[in-house]
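Structure record follows, encoded as structure tokens.
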Amino acid sequence: MNTAEPLVLGIETSCDETGIGIVRGTRLLSNTIASSMEEHARYGGVVPEVAARAHLEEMVPAITAAVAEAGISLDDLDAIAVTSGPGLAGALMVGVGAAKALAVALDKPIYAVNHLVGHVGADLLRVSGQRADSLGADAQGDGEVEQDEPLEYPTIALLVSGGHTSLLLVRDLVSDVELLGETIDDAAGEAFDKVARVLGLPYPGGPQIDRAAEGGDPRAIRFPRGLSKPKDLVNHRYDFSFSGLKTAVARWVEQRQDAGEPVPRADVAASFREAVVDILLTKAVAACSDLGVPRLLLGGGVVANRRLRALAALRTDAAGITLRIPPLPLCTDNGAMIAALGAQLIMAGHAPSTLDFGADSTLPVTDIQV
Amino acid sequence: MLLAIDTSAGTSVAVVDRDGGVLSERSVADTRRHAEVIGRLIEECLAEADVTRASLSGVAAGMGPGPFTGLRVGIAAARVFALGLGKPLVPVVSHDAIAFSRFSHVDQLSAADARQAPGLLVVTDARRREVYWSAYSGQDEDGLPVRTDGPALSRPAALDEQSFGHAGLLRLDAATVPAGALGMVAELTFAAGHPFPADEPLYLRSPDVTLSAGPKRVSS
Ligand SMILES: [Zn+2]
């Protein structure tokens with residue numbers, strides 16, 4: 001096996017994206033994603049059974065497409081990497097079954113890895129000149145650092161999507177990751193979906209709220225910031241809560257409707273979005289200051305939110321924190337980040353996983369490899 | 001020679017050969033550990049059969065019917081193993097393997113016994129107080145089970161009702177699907193030139209989701 005620049009295929013099926021990525025060391029060769037999001041739209045959220053069925057149907061076409069795009073053959077691979085968890089159990093199992101079969105068929109080692117740590121690993125990937133266009137210029141993150149500078153440790157990572165909202169302290173990607181805090185109820189992405197419904201907007205809520213917020217006043221309504229009171233900060237300093245915020249928005253809208261007054265949708269959307277983004281960044285920046293770590297990395301699908309990226313740039317700038325945001329196609333769930341983490345494990349000399357691991361829907365972030 | 005995988009009940013893997021029969025078979029009855037055991041079972045079956053991957057001519061996959069979560073693990077593994085080998089996937093209805101297994105067994109009994117049970121109703125657990133069933137009239141000249149109805153999904157009581165069209169058939173409730181029999185069905189189907197079933201999982205149920213009725217009121 002080439003342990004200096006291993007050629008790794010990564011399989012990610014923790015939620016509604018079937019992600020197949022191929023990397024050579026830190027070089028991205030393919031980031032193929034098939035999403036079942038449209039199938040979930042009519043239900044107003046991700047339906048686990050619908051997602052799992054879609055993973056099964058997309059698996060072979062996605063692997064075939066990724067291999068073709070990377071210009072390799074399956075036999076060239078040095079290893080297979082796969083998400084073991086956390087995520088939706090039935091969805092994860094499709095990826096685990098597929099990855100094990102591929103590893104045994106090709107007689108290659110397998111690395112079962114943590115989805116959340118994979119989000120951090122995405123930042124290590126570099127795109128050669130040829131491939132840059134496939135990610136799209138406007139898809140690049142707004143990070144202040146040149147993408148060629150390597151990720152420095154330790155770093156704080158804020159991972160925000162429809163499935164998770166976590167704050168991590170990463171001392172070393174392959175050996176030392178600590179969970180500082182996470183949501184105690186809804187994920188931030190879920191809050192966007194739920195508030196979108198309150199405002200009569202379709203799923204997925206993130207881009208809809210972003211659009212509705214245009215021209216709105218983010219200070220028009222002061223919605224609550226979850227777990228930010230002094231007593232909450234004792235036990236939940238870095239934890240998040242969004243269910244109270246969602247209820248507050250719904251109540252505010254209902255009061256307007258009950259009074260027969262029009263609902264100022266742009267103001268509600270902008271004020272809600274500001275509450276989410278504010279609490280996310282307040283806690284992330286606090287973690288950086290408290291722990292003396294002047295580096296913040298963002299990951300997860302909610303990074304697509306413009307206001308989050310803009311406010312992150314402002315706040316980190318003011319606090320002297322270096323901000324890193326991987327290109328957006330590497331922020332949403334994808335197989336390339338799983339392949340990237342697998343490659344890092346190989347380059348660090350870690351042994352492969354045995355074939356006996358399963359899908360672990362609540363895999364702790366400290367378990368970088370299973 | 002085929003690798004055969006079925007996860008419609010527990011997890012079962014085999015290597016079979018049309019002439020040599022079942023060369024190796026490994027099964028785990030646990031219906032909750034498909035993802036954990038699938039890789040090891042494949043590896044062990046290949047080792048025990050002492051065959052090279054290149055000598056396999058395809059991969060047989062049990063397409064169900066079966067409870068969703070486990071069923072998908074085997075189909076995903078079979079499809080991707082076939083892709084990895086660059087060999088075709090051969091879909092098989094899992095109930096056919098149960099019927100084949102039974103009919104082959106009857107063959108070894110006296111001809112009189114075999115005549116007593118020419119038909120068969122294969123029944124498996126579909127969970128949620130329902131069962132999957134398939135009806136068979138017997139074996140054809142190639143030794144393959146002849147399915148006359150199903151696979152279908154019913155309440156268990158429906159199979160005992162007068163109106164059920166296959167009430168007279170010998171009923172066989174099965175908790176396992178042997179991958180060796182599944183592989184042999186695939187081998188014989190191919191040899192006989194019969195068509196294979198579609199490469200589609202037999203869920204026989206829609207994903208049970210309720211359409212959103214709009215946001216719920218939070219104020220009293
Ligand atoms: Zn994610």
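Predicted model only: the values in this text are computed from it and were never measured. All values below were derived from every heavy atom in this structure, side-chain atoms included, with hydrogens, water molecules and symmetry-related copies excluded. Each chain gets a letter, A, B and so on, in the order the sequences are listed, and its residues count up from 1.
- No donor-acceptor distance shorter than 3.5 angstrom exists from the side chain of A:E49 to the backbone of B:P207, with no hydrogens or angles considered.
- Within a 6.0 Å sphere centred on CD of A:E38, heavy atoms belonging to other residues, nucleotides or ligands number 12 at most.
- Ranking B:R40, B:H34, B:R72 against chain A, the residue ahead of the rest is B:R72, based on heavy-atom pairs under 4.5 Å.
- For the residue pair A:G97 and B:V73, the shortest heavy atom distance occurs at CA-CG1, 4.1 Å.
- Rounded to the nearest 0.5 Å, atoms CG (A:D356) and CD1 (B:I38) are 12.5 Å apart.
- With hydrogens and angles ignored, the 3.5 Å screen pairs a side-chain donor or acceptor of B:R53 with a backbone N or O of A:V104.
- Contacts of A:D258 with chain B are made by side-chain atoms alone, with heavy-atom separations under 4.5 Å and no backbone atom involved.
- Within the 4.5 angstrom heavy-atom criterion, atoms from both the backbone and the side chain of B:R217 approach chain A.
- Note: A:D107 leads A:T64, A:L106, A:T354, A:D107 in heavy-atom pairs under 4.5 Å with chain B.
- Per-residue counts of heavy-atom pairs under 4.5 Å with chain A were compared for B:A78, B:G84, B:G74; the largest is that of B:G84.
- A:L74 touches chain B through its side chain: at least one heavy atom from C-beta onward sits under 4.5 Å away, while N, CA, C and O do not.
- Neither the backbone nor the side chain of B:L56 comes within contact range of chain A; no heavy atoms are under 4.5 Å apart.
- Residues of residues 52-60 of chain A that come within less than 4.5 angstrom of chain B, heavy atom to heavy atom, are A:A52, A:R53, A:L56, A:E57, A:M59, A:V60 in numerical order.
- Shown here is B:R18, whose CZ atom has no more than 12 heavy atoms of other residues, nucleotides or ligands within 6.0 Å.
- Ion pair B:E36/A:K100 not flagged as a salt bridge, since none of the NZ, NE, NH1 or NH2 atoms sits closer than 4.0 Å to an Asp/Glu carboxylate oxygen.
- Contact annotation for A:V94: both backbone and side-chain heavy atoms come within less than 4.5 Å of a heavy atom of chain B.
- Scanning all heavy atoms of the two residues, the minimum distance from B:V218 to A:A250 falls at CG2-CB, 3.5 Å.
- Other residues, nucleotides and ligands contribute only 12 or fewer heavy atoms inside 6.0 Å of the CZ atom of B:F190.
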